[in-house]
**Q** 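Got a structure for you, questions after.
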There are 2 protein chains.
Amino acid sequence: MAGLPESEVTVKERVRIGGRSARIQNAVHDAVRKLGALSTRNQITVPQIAAEAGVTPSTIYRRWGDLSALLADVAVARLRPIADPDDTGAVETDLRAFIEQYAEEMSSPVGQALMRDVLSALNQGLPSACAGFTCDHLTTLNARAKARGETPFDIDEVIDHVVAPIIYRALFSDQMPTLDYCNRLIDRIYPPARKRRTAS
Amino acid sequence: MAGLPESEVTVKERVRIGGRSARIQNAVHDAVRKLGALSTRNQITVPQIAAEAGVTPSTIYRRWGDLSALLADVAVARLRPIADPDDTGAVETDLRAFIEQYAEEMSSPVGQALMRDVLSALNQGLPSACAGFTCDHLTTLNARAKARGETPFDIDEVIDHVVAPIIYRALFSDQMPTLDYCNRLIDRIYPPARKRRTAS
DNA sequence: ATTCTTAACGCAAAATATTTGCATTAAGGT
DNA sequence: ACCTTAATGCAAATATTTTGCGTTAAGAAT
């Protein structure tokens with residue numbers, strides 16, 4: 001429950017890590033999550049968040065700058081992985097399982113909202129940080145594969161031809177990707193054994 | 001009744017298309033483009049736009065609702081195609097030329113800003129409309145191909161494996177896609193004749 | 001062409017949100 | 001325990017957004 005993953009070694013922070021600061025950040029993040037959850041992204045406002053968190057609005061403005069920066073900060077915190085992908089015993093099934101869960105999360109209304117929040121913050125490199133999370137997960141799968149003696153996949157190829165189509169459709173169309181669709185994308189990385197490239 | 005050459009049959013609009021309304025919409029759109037161009041998307045505000053356009057802020061609020069809706073409206077207007085893709089004489093070179101220009105536009109700072117503006121508008125189906133523009137262009141290329149007797153490409157495949165990677169990298173990384181990168185993506189649709197899958 | 005109806009606009013006041021100055025609190029170091 | 005200073009709370013100042021109401025002009029009817 002001590003939510004902050006600010007492990008004490010990362011003292012490179014330019015902001016104070018101490019008790020009060022962290023307490024306020026948690027309160028504000030919780031308030032954003034709570035309000036964002038029940039109000040389905042209907043004009044959530046800074047004074048609202050401040051009241052819910054029990055802080056003054058000026059604190060939020062000073063720490064985060066504006067609403068979109070705060071929403072983006074909360075979004076990356078929620079997008080940041082808390083656990084490694086499931087270990088299914090083989091790299092191909094690992095990848096399929098991970099992509100299935102990833103597609104589900106990102107295509108859901110909350111996932112779409114999180115991505116929009118991250119993309120709206122134009123100041124820092126938050127979008128590329130989120131892309132880094134995905135890359136990290138794929139790297140983890142590959143490390144497992146190597147440990148098992150399997151040949152790893154090409155991460156860039158998975159990003160370009162599996163992750164990117166899923167995200168593109170999640171952002172620019174409003175239809176959830178089916179499990180079948182995800183598996184067809186992965187078939188390009190791991191072609192089905194029996195069939196050749198029967199592209200219809 | 002002298003002035004406007006408005007086609008009289010398309011009266012299906014639910015908003016007035018007459019002189020003043022259109023004049024104000026143009027003035028506001030021009031103001032957004034002008035301010036957005038010089039200020040590199042640094043906190044542009046509704047009163048600023050209103051002053052530049054010579055209208056009162058309340059008009060903007062009443063017509064568009066809020067700033068993000070206005071920015072999204074301007075963005076789709078700018079993203080909407082004004083001309084068909086260049087005709088290079090063959091479908092493969094048509095596709096390569098179109099994708100090169102598309103990648104250049106979308107990866108530029110202004111293209112990224114336009115996409116963010118469109119994605120920020122959660123009310124209507126603006127994002128899917130923009131995806132429709134791309135789809136329309138690809139359909140045009142295919143229609144040309146058929147007219148020439150060429151075999152058309154698979155539009156969904158181009159969207160998933162050429163367009164989507166370009167957009168994903170434009171949104172989530174900050175590196176422009178090289179022409180070489182785009183061509184390698186299209187090589188999956190039109191494999192190079194001489195070389196086999198020399199992935200190195 | 002004139003009149004009628006009404007959507008869209010301008011204006012100004014009210015409500016709300018954001019910024020800023022200053023006093024106070026508490027974190028981290030001496 | 002003391003010192004330094006980043007971070008906060010409070011409240012005033014400023015800016016933005018909303019709203020009521022009178023006016024303008026577009027589109028239809030006469």
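Quick caveat: nothing in here was measured; it's all calculated off a predicted structure. Just so it is clear: chains get the letters A, B, ... in the order the sequence lines come, proteins before strands, and each one is counted from 1.
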**Q** Determine all donor-acceptor pairs shorter than 3.5 Å in which one atom belongs to a side chain in residues 170-179 of chain B; sequence neighbours excluded.
**A**
| from | atom 1 | to | atom 2 | distance (Å) |
| --- | --- | --- | --- | --- |
| B:Ser173 | OG | B:Arg169 | O | 3.0 |
| B:Ser173 | OG | B:Gln175 | N | 3.4 |
| B:Thr178 | OG1 | B:Tyr181 | N | 3.0 |

**Q** Identify each atom pair where a protein N or O and an N or O of nucleotides 21-23 of chain C are less than 3.5 Å apart, giving names and distance.
**A**
| from | atom 1 | to | atom 2 | distance (Å) |
| --- | --- | --- | --- | --- |
| C:dG21 | O6 | A:Arg62 | NH2 | 2.4 |

**Q** Which listed nucleotide (C:dA17, D:dT8, C:dC9) is nearest to the side chain of A:Arg63?
**A**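 The nucleotide sitting nearest to the side chain is D:dT8.
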**Q** Are OP1 or OP2 of C:dG10 and a side-chain N or O of B:Thr56 less than 4.0 angstrom apart?
**A**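 True: B:Thr56 side-chain N/O within range (under 4.0 Å) of C:dG10 OP1/OP2.
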**Q** Just the rounded figure in Å: distance from P of C:dA8 to CG of B:Asn26.
**A**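 About 16 Å, once rounded to whole Å.
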**Q** Could you state the CD1-C1' distance from A:Ile60 to C:dT20, rounded to the nearest angstrom?
**A**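 The answer, rounded to whole Å, is 17 Å.
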**Q** Distance check needed: C:dA26 P versus A:Arg23 CZ, whole Å only.
**A**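 Interatomic distance, CZ of A:Arg23 to P of C:dA26: 8 Å.
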**Q** Please report the distance, rounded to the nearest Å, between CD in A:Gln43 and C1' in D:dT18.
**A**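 For the pair A:Gln43 CD and D:dT18 C1', the rounded distance is 11 Å.
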**Q** Whole angstroms only, please: what is the CD-P distance between A:Gln25 and C:dA27?
**A**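 After rounding, the reported distance stands at 15 Å.
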**Q** Please state how far atom CH2 in A:Trp64 lies from atom C1' in D:dT8, giving the value in whole angstrom units.
**A**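 So the two atoms are 12 Å apart, to the nearest Å.
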**Q** Quick check: on DNA chain D, is the nucleotide nearest A:Ile24 upstream (toward 5') of the one nearest B:Leu67, or the reverse? Name the residue that is more 5'.
**A**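 Looking at the nearest nucleotide for each, A:Ile24 comes out on the 5' side.
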**Q** Can a salt bridge be assigned to the pair B:Arg148 and B:Asp94 using a cut-off of 4.0 Å between side-chain N and carboxylate O?
**A**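 A salt bridge is present here (some side-chain N lies under 4.0 Å from a carboxylate O).
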**Q** Given atom CD1 of B:Ile49 and atom P of D:dT16, what is their separation to the nearest angstrom?
**A**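 Answer to the nearest Å: 11 Å.
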**Q** Any chance you could measure B:Thr134, atom OG1, to B:Met106, atom CE, to the nearest 0.5 Å?
**A**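 Between B:Thr134 OG1 and B:Met106 CE, I get 5.5 Å after rounding to 0.5 Å.
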**Q** Any ring-ring contact (aromatic ring centres under 6.0 Å, His included) pairs touching residues 112-157 of chain B, not counting sequence neighbours?
**A**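 Listed by first then second residue: B:Phe98-B:His137.
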**Q** May I ask you to test the B:Leu71-B:Ser120 pair for a side-chain heavy-atom distance under 4.5 Å?
**A**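 SC-SC contact between B:Leu71 and B:Ser120 ruled out.
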**Q** To the nearest 0.5 angstrom, please state how far the CD atom of B:Gln48 sits from the CD1 atom of B:Ile60.
**A**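 Rounded to the nearest 0.5 Å, the CD-CD1 separation comes out at 11.0 Å.
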**Q** So does B:Thr45 get a side-chain nitrogen or oxygen closer than 4.0 Å to the phosphate oxygens (OP1/OP2) of D:dT16?
**A**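 Answer yes for this pair, as a side-chain N or O of B:Thr45 is under 4.0 Å from OP1 or OP2.
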**Q** Looking at A:Arg20 and C:dT25, is any side-chain donor or acceptor paired with a base atom of the opposite kind under 3.5 Å?
**A**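 When only heavy-atom distances are counted, A:Arg20 does reach the base of C:dT25 through a donor-acceptor pair under 3.5 Å.
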**Q** Please identify which of these residues, B:Asp86, B:Asp187, B:Asp180, meets the salt bridge (Lys or Arg N to Asp or Glu O under 4.0 Å) condition with B:Arg96.
**A**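 Going through B:Asp86, B:Asp187, B:Asp180 one by one, the salt bridge (Lys or Arg N to Asp or Glu O under 4.0 Å) with B:Arg96 is satisfied by B:Asp187 alone.
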**Q** May I have the distance from B:Gln48 (atom CD) to D:dT14 (atom P), rounded to whole angstrom?
**A**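 It works out to 19 Å between those atoms.
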